[in-house]
J.: 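A single structure is presented below for examination.
Keep in mind that the numbers below use all heavy atoms, side chains included, and drop hydrogens, waters and symmetry copies. Lettering of chains follows the sequences in order, A, B, ..., and the numbering in each one begins at 1. Since this is a predicted model, take the numbers as computed values, not measurements.
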Number of protein chains: 2
Amino acid sequence: MRPFTDMTRAAQLPQRSVIPVNTIGRLSLYRRLLSDQLATGARQVFSHQLAALAVTTAPQVRRDLMTIGFSGSPRRGYAIADLVTAIDDVLVRSVETAVALVGVGNLGRPVLAYYANRQPIRFAAAFDRAPEKTGRVLHGCRCYASDQMTEVVAREQIHVGVIAVPAAEAQAVCDQLVLAGVKGILNFAPVRLRVPAGLHVENVDLMMALDRVAYFAHEHR
Amino acid sequence: MRPFTDMTRAAQLPQRSVIPVNTIGRLSLYRRLLSDQLATGARQVFSHQLAALAVTTAPQVRRDLMTIGFSGSPRRGYAIADLVTAIDDVLVRSVETAVALVGVGNLGRPVLAYYANRQPIRFAAAFDRAPEKTGRVLHGCRCYASDQMTEVVAREQIHVGVIAVPAAEAQAVCDQLVLAGVKGILNFAPVRLRVPAGLHVENVDLMMALDRVAYFAHEHR
DNA sequence: GATTATCTGTGAGATGTCTCACAGCATGAG
DNA sequence: CTCATGCTGTGAGACATCTCACAGATAATC
């Protein structure tokens, strides 16, 4: 008889993030809304006010803030400035995140323009197959040849890759990024990427988004 | 005693879509993958093959196809051509959907370029506040002044609005679209829109997407 | 025609997420 | 200081979604 035979479950690996994905998304939204509120001079906010801004429910807001261990005060609500700081700590917004863009085409350029200079995200490098783009600088971001990826990702300590290449090339680019040591991927290509377990891929699928809207638009007539 | 008193539940309103949102999204993905397969000459597909392409599980695929009432055959799998047609029927891809873009700026233009000429989506009109854009035609899509929205949406039978304006203007544009009679909205602005119950809003939030990737990238080191 | 392999269809259970209701407490008023 | 107010923190339950395992079925083989 082997040892540990009667362990019905192996000890749970702690890797599974304590914070649900959806909660992370809402925190990102809360942070933006709260920054706006700060700018208008507000200092405290109630869960039902934040819920109204984020178009969700007050218990949902309280549950989310509870999840990140942030406390408010009865009758006074939550201190906005402290809350923004707390959310910044959870999302990685208190340290700079270096990002690499792959694919400087019709999709990649506007993506770069959108994210350019949004602290604490820094686009440290771009890559493109087309040799004539190598060496050019867009929005403060230098373009390299694809075969320099491993070297540049290591040098610039890039943690995140953004894929904006045609569907047919996306998996190859993804493999290259993973090999280079990237820890997360934002994928604009309309395919699903195969990655090692634990590595996070966030898909932005414009075709799927429109298909969903169209479906529900024709549902509710 | 009133008749039917002992009905424990009132007849369910059929409004709640039988098909889960996530399933709709996966169907959109399946359809694309299957089209590619057709092009390579494949005629039949097994659930585990489609699952591999979509990076999900075989039971998930079978459950999704069961949800739309599509049947395969043991030992032969699913007929690809028929399946594409069945998915096209569920998603609204068997009828043309007229769409309006609001905001022909740095975000709106690439969005228009991306979706241009993708059947069965037709961008029937674009709107922009800037008067100098009125009358111009981009990717076969004519630009109108914002105050013509109600008229044009009715004339072109537009069902879906795409919002690509700055955050501060998004809610006003949304209200205008809803008033004009749009049934679904695809929102690229980094805010949550308040809409009448039942009307579907699909958010594409690029900032949130990057925040989520950054969070998980720093989790799994 | 009988047999076998293997794939589908699906009930039932596991999992994850959201909702509700209310106890507890900090604050402001008297 | 004491009380009343109304907001937070959270357990427990509702709900939705995914996973698993296997019964059933069909095509290929002999």
Side-chain angles (χ1 to χ4, degrees), chain A residues 8-10 12-27 29-30 34 42-80 82-83 86-87 192 197 200 212 216, chain B residues 8-9 12-13 15-27 29-30 34 42-80 82-83 86-87 192 197 200 208 212 216 219:
Chain A
T8 50
R9 281 164 195 251
Q12 294 294 338
L13 299 173
Q15 70 190 28
R16 173 122 199 89
S17 165
V18 197
I19 306 182
V21 193
N22 291 351
T23 299
I24 294 294
R26 281 190 300 268
L27 288 172
L29 176 62
Y30 296 161
L34 292 168
R43 292 292 169 266
Q44 298 282 132
V45 70
F46 296 132
S47 60
H48 67 264
Q49 295 173 319
L50 185 49
L53 293 170
V55 188
T56 179
T57 66
Q60 177 76 79
V61 168
R62 294 202 296 276
R63 171 79 54 191
D64 288 339
L65 301 193
M66 188 188 120
T67 303
I68 65 169
F70 188 84
S71 290
S73 153
R75 302 266 313 187
R76 295 184 66 84
Y78 301 91
I80 298 179
D82 293 353
L83 180 48
I87 295 178
R192 288 301 172 272
H200 186 79
R212 296 217 287 211
F216 286 102
Chain B
T8 50
R9 281 164 195 251
Q12 294 293 339
L13 298 173
Q15 69 189 31
R16 175 121 197 86
S17 165
V18 198
I19 306 181
V21 193
N22 290 352
T23 299
I24 294 294
R26 281 191 299 269
L27 288 173
L29 176 61
Y30 296 161
L34 292 169
R43 292 291 168 263
Q44 299 282 131
V45 69
F46 297 133
S47 60
H48 66 264
Q49 294 174 319
L50 185 48
L53 293 170
V55 187
T56 179
T57 65
Q60 177 76 79
V61 168
R62 294 201 298 273
R63 170 83 48 195
D64 288 339
L65 301 193
M66 189 186 117
T67 302
I68 64 169
F70 189 84
S71 290
S73 153
R75 301 270 311 192
R76 295 184 66 84
Y78 302 90
I80 298 179
D82 294 353
L83 180 48
I87 295 177
R192 287 300 172 271
H200 187 77
M208 172 188 294
R212 296 218 285 210
F216 287 102
E219 276 286 289

J.: How would you list all residue pairs meeting ring-ring contact (aromatic ring centres under 6.0 Å, His included) that involve residues 55-74 of chain B, not counting sequence neighbours?
T.: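 Of all non-adjacent pairs touching residues 55-74 of chain B, none passes ring-ring contact (aromatic ring centres under 6.0 Å, His included).
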J.: So, under a plain 3.5 Å distance rule, would you say the side chain of A:Arg63 forms a donor-acceptor pair with the base of C:dT17?
T.: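 Answer no: no donor N or O sits under 3.5 Å from an acceptor.
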J.: Taking side-chain contact (heavy atoms from CB on, under 4.5 Å) as the test, write out the residues that go with A:Arg75, two or more places apart.
T.: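 With neighbours one apart ignored, the set is empty.
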J.: For A:Gln49, check side chain to side chain donor-acceptor pair (under 3.5 Å) against everything at least two apart and list the hits.
T.: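 Expected list: none.
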J.: Would you indicate whether the side-chain heavy atoms of A:Thr57 and A:Arg62 approach each other to under 4.5 Å?
T.: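 A:Arg62 does not reach A:Thr57 side chain to side chain.
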J.: From CG of B:Asn22 over to C1' of D:dA16, roughly how many Å is that when rounded to an integer?
T.: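 The distance from CG of B:Asn22 to C1' of D:dA16 comes to 10 Å, rounded to the nearest Å.
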J.: My understanding is that only residues two or more places apart in sequence, or in another chain, count here; which of them pass side-chain contact (heavy atoms from CB on, under 4.5 Å) with A:Ala52?
T.: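 Counting only residues at least two positions away or on another chain, A:Ala52 forms no side-chain contact (heavy atoms from CB on, under 4.5 Å).
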J.: Please report the distance, rounded to the nearest Å, between CD in B:Gln60 and P in C:dA14.
T.: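 Those two atoms, CD and P, are 19 Å apart.
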J.: Can you identify which nucleotide, out of C:dG24, D:dA21, C:dT17, has its nearest atom closest to the B:Arg62 side chain?
T.: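 Looking only at heavy atoms from C-beta outward on B:Arg62, the closest nucleotide is D:dA21.
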J.: Kindly write out the residues that satisfy side-chain contact (heavy atoms from CB on, under 4.5 Å) with A:Ala54, not counting sequence neighbours, or none if the list is empty.
T.: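 Expected list: A:Leu29, A:Tyr30, A:Leu33, A:Thr56.
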J.: Take the protein atom CG of A:Leu83 and the nucleotide atom P of D:dG9, then report the distance between them rounded to whole Å.
T.: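 About 11 Å, once rounded to whole Å.
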J.: Going by salt bridge (charged side-chain N to carboxylate O under 4.0 Å, His left out), name the residues that satisfy it together with A:Arg26, two or more places apart in sequence or in a different chain.
T.: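 Listed in chain order: A:Asp64.
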J.: Should B:Ser73 be listed as having a side-chain N or O under 4.0 Å from OP1 or OP2 of C:dT8?
T.: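 For B:Ser73, the contact criterion (side-chain N or O under 4.0 Å from OP1 or OP2 of C:dT8) is not met.
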J.: Determine: side-chain N/O of A:Arg26 to OP1/OP2 of C:dC18, distance under 4.0 Å, yes or no.
T.: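 Yes, within the criterion.
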J.: So B:Ile87 and B:Leu34, do their side chains get closer than 4.5 Å, heavy atoms only?
T.: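 B:Leu34 reaches B:Ile87 side chain to side chain.
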J.: Classify A:Ser71 by what it touches in the nucleic acid, base, sugar-phosphate, or nothing, heavy-atom distance under 4.0 Å.
T.: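 If one applies the 4.0 Å heavy-atom cut-off, A:Ser71 turns out to touch the sugar-phosphate alone, with no base involved.
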J.: Is A:Tyr78 near enough to C:dA26 that one of its side-chain N or O atoms lies under 4.0 angstrom from OP1 or OP2?
T.: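 The answer is no; no side-chain N or O of A:Tyr78 sits under 4.0 Å from OP1 or OP2.
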J.: Please state how far atom CG in A:Leu65 lies from atom C1' in D:dC7, giving the value in whole angstrom units.
T.: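 Nearest whole value for this atom pair: 13 Å.
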J.: Only counting residues at least two apart or in another chain, list the ones meeting side chain to side chain donor-acceptor pair (under 3.5 Å) with B:Arg192.
T.: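 None.
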J.: Between B:Gly72 and A:Thr57, which residue's closest nucleotide on DNA chain C lies nearer the 5′ terminus?
T.: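 The residue mapped nearer the 5' terminus is B:Gly72.
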J.: Could you state the atom-to-atom distance from CE of B:Met66 to P of D:dC18 in whole Å?
T.: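 Going from B:Met66 (CE) to D:dC18 (P), I get 13 Å.
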J.: Restricting to nitrogen or oxygen on both sides, can you table the protein-nucleotides 28-30 of chain C pairs closer than 3.5 Å?
T.:
| residue | atom | partner | partner atom | Å |
| --- | --- | --- | --- | --- |
| C:dG28 | OP1 | A:Arg76 | NH1 | 3.4 |

J.: When the distance from CG of A:Asp64 to C1' of C:dT17 is rounded to whole Å, what number comes out?
T.: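 A:Asp64 atom CG is separated from C:dT17 atom C1' by 11 Å.
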J.: So which of residues 42-55 of chain B are in contact with DNA chain C, with a heavy-atom cut-off of under 4.0 Å?
T.: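 By residue number: B:Phe46, B:Ser47.
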